[in-house]
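Below: one structure, written as structure tokens.
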Amino acid sequence: MFIADNFKTVMNRIAAAASRAGRDLSSIQLVTVTKTVDPARIREAIAAGANALGENRVQEAQEKIATLGALAHWHMIGHLQTNKAKFAVKLFDLIHSVDNVGLVRELDKQAAKINKVQNVLIEVSIAGEAAKAGVSISNTVKLVQEAAQCGNIRVLGLMTMPPFSDDPEDARPFFRKLREMAVSIDQERISGISMQSLSMGMSNDFEIAIEEGSTLVRVGTAIFGER
Ligand SMILES: *Cc1c(COP(=O)(O)O)cnc(C)c1O
């Protein structure tokens, strides 16, 4: 029961943030993050209206998709190892976390084998923290250009995870920066590339992300409780 209530509350908060920002609600999609959540509780979220589910590990996703697969779209939001690309192309409608050229090429190759065009986002290390996932700001355009050369990869936009902070306002400049990067990449007019999607915002900061232009918010804890 509480999952359905939480889901509804998050949807209402998304709508309120969209309205504050003067944005059309239909331009924002909620990705319900189901990592570590068991199938019975995922079913409750689906019943409440969750139609896009985010997982961060290929094997865990594979198990869930075996039973719940047809009930929702599945998104890969966590770090993806190149040697898992062959599984990922079979499992995910959108991969948010593409951050290196080796992975781009392997996804392209594996997607070609199953006659798929794999939708991806490029994950940017927006704060430039050395240990964090994501391509550096300075290498992002080059990676997008590489991906644009791949016939079985379609880049739809950018994703980021700002450094953790208790104060969601701290994330705002990073969200704004990602949006500016997307605008500037669009201006490069790279063949086949349009930066229509911005995956940014989690439980503690999704409203700020929406105010800064997010089109995909990835929310787990606010729906399922603490992991
Ligand atoms: C776990 C996770 C989320 C969801 O985080 P919550 O704080 O639980 O909403 C979003 N994005 C990524 C990449 C994650 O790994």
Side-chain angles (χ1 to χ4, degrees), residues 2-14 16-17 28-38 41-42 44-46 48-65 72-81 84 88 91-100 103 119-127 129 131-135 140 156-172 174-175 178-179 197-227:
F2 83 97
I3 290 172
D5 289 342
N6 290 348
F7 186 85
K8 200 181 291 174
T9 301
V10 168
M11 291 301 282
N12 289 340
R13 288 171 58 191
I14 289 171
I28 302 154
Q29 188 182 12
L30 169 60
V31 178
T32 299
V33 175
T34 49
K35 65 185 185 199
T36 78
V37 178
D38 63 66
R41 293 164 71 229
I42 297 174
E44 282 186 55
I46 292 169
N51 52 18
L53 308 181
E55 287 283 334
N56 71 338
R57 291 180 52 242
V58 166
Q59 198 185 329
E60 185 180 335
Q62 216 162 19
E63 289 162 14
K64 291 170 182 174
I65 290 170
H73 296 288
W74 296 78
H75 292 206
M76 177 61 176
I77 61 171
H79 177 68
L80 180 60
Q81 288 173 289
K84 301 274 173 64
L91 297 169
F92 300 110
D93 296 290
L94 180 63
I95 300 171
H96 293 227
S97 46
V98 173
D99 67 358
N100 68 85
L103 178 59
N119 290 331
V120 306
L121 305 176
I122 301 299
E123 179 173 0
V124 181
S125 174
I126 200 78
E129 298 156 289
K132 270 245 175 138
V135 63
T140 299
L156 298 181
L158 305 177
M159 180 272 223
T160 203
M161 285 221 314
F164 177 79
S165 165
D166 285 328
D167 181 359
E169 277 295 336
D170 290 345
R172 189 184 294 277
F174 297 112
F175 295 150
L178 195 74
R179 170 125 197 263
S197 298
L198 283 177
S199 171
M200 53 191 202
M202 314 189 350
S203 289
N204 64 334
D205 55 18
F206 67 87
E207 286 142 314
I208 292 184
I210 288 168
E211 289 170 12
E212 297 300 330
S214 175
T215 71
L216 288 159
V217 291
R218 312 178 307 267
V219 178
T221 305
I223 295 169
F224 296 107
E226 293 291 337
R227 285 179 291 273

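As the structure lists them, so they are numbered: ligands from 1, and atoms in each ligand from 1.
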Problem - Per-residue contact class, His96 against ligand 1 - non-hydrogen pairs under 4.0 Å - result: neither
Problem - Lys64 side chain to Val37 backbone, donor-acceptor under 3.5 Å - result: yes
Handout entry: Those atoms of ligand 1 less than 4.0 Å from some heavy atom in Met161
Key = 12 (C), 13 (C)
Exercise for the section: Using a strict 4.0 Å cut-off to heavy atoms of Val219, name the atoms of ligand 1 that fall inside it. Expected result: 9 (O)
Practice task
Examine distances only and state if a side-chain atom of Ser97 and a backbone atom of Glu123 form a donor-acceptor pair shorter than 3.5 Å.
Solution key: no
Problem - Within-cut-off N or O pair, Arg227 and ligand 1, under 3.5 Å - result: yes
Handout entry: Nearest-neighbour protein heavy atom for atom 8 (O) of ligand 1, which is reported as residue plus atom name and distance
Key = Thr221 OG1, 2.6 Å
Problem - Lys35 bridged to Glu60 by N-O distance under 4.0 Å - result: no
Exercise for the section: Identify the protein heavy atom lying closest to atom 9 (O) of ligand 1, giving its residue, its atom name and the separation to 0.1 Å. Expected result: Ser203 OG, 2.5 Å
Exercise for the section: Please write down residue, atom name and distance for the protein heavy atom closest to atom 2 (C) of ligand 1. Expected result: Lys35 NZ, 2.6 Å
Exercise for the section: Considering only non-hydrogen protein atoms, determine which one is nearest to atom 12 (C) of ligand 1 and report residue, atom name and distance to 0.1 Å. Expected result: Ile77 CD1, 3.5 Å
Practice task
Kindly indicate whether the side chain of Ile95, heavy atoms from C-beta on, has any atom under 4.5 Å from the side chain of Leu103.
Solution key: no
Problem - salt_bridge(Glu169, Arg172) N-O dist < 4.0 Å - result: yes
Practice task
Of all the heavy-atom pairs spanning Phe92 and Ala61, show the shortest one and how long it is.
Solution key: CZ-CB, 3.6 Å
Handout entry: Shortest protein contact, atom 5 (O) of ligand 1 (heavy atom only)
Key = Met202 CE, 3.5 Å
Fill in the blank from the handout: All heavy atoms of Pro162 vs all of Ala171, minimum pair found to be CG-CB, 3.8 Å
Problem - Sub-3.5 Å N/O-N/O distance, Gly220 and ligand 1 - result: yes
Practice task
May I ask you to identify the nearest protein heavy atom to atom 11 (N) of ligand 1, giving residue, atom name and distance to one decimal place in Å?
Solution key: Arg218 NE, 2.8 Å
Practice task
Go through the side-chain N and O atoms of Gln29 and Thr215 and say whether any donor and acceptor fall under 3.5 Å apart.
Solution key: no
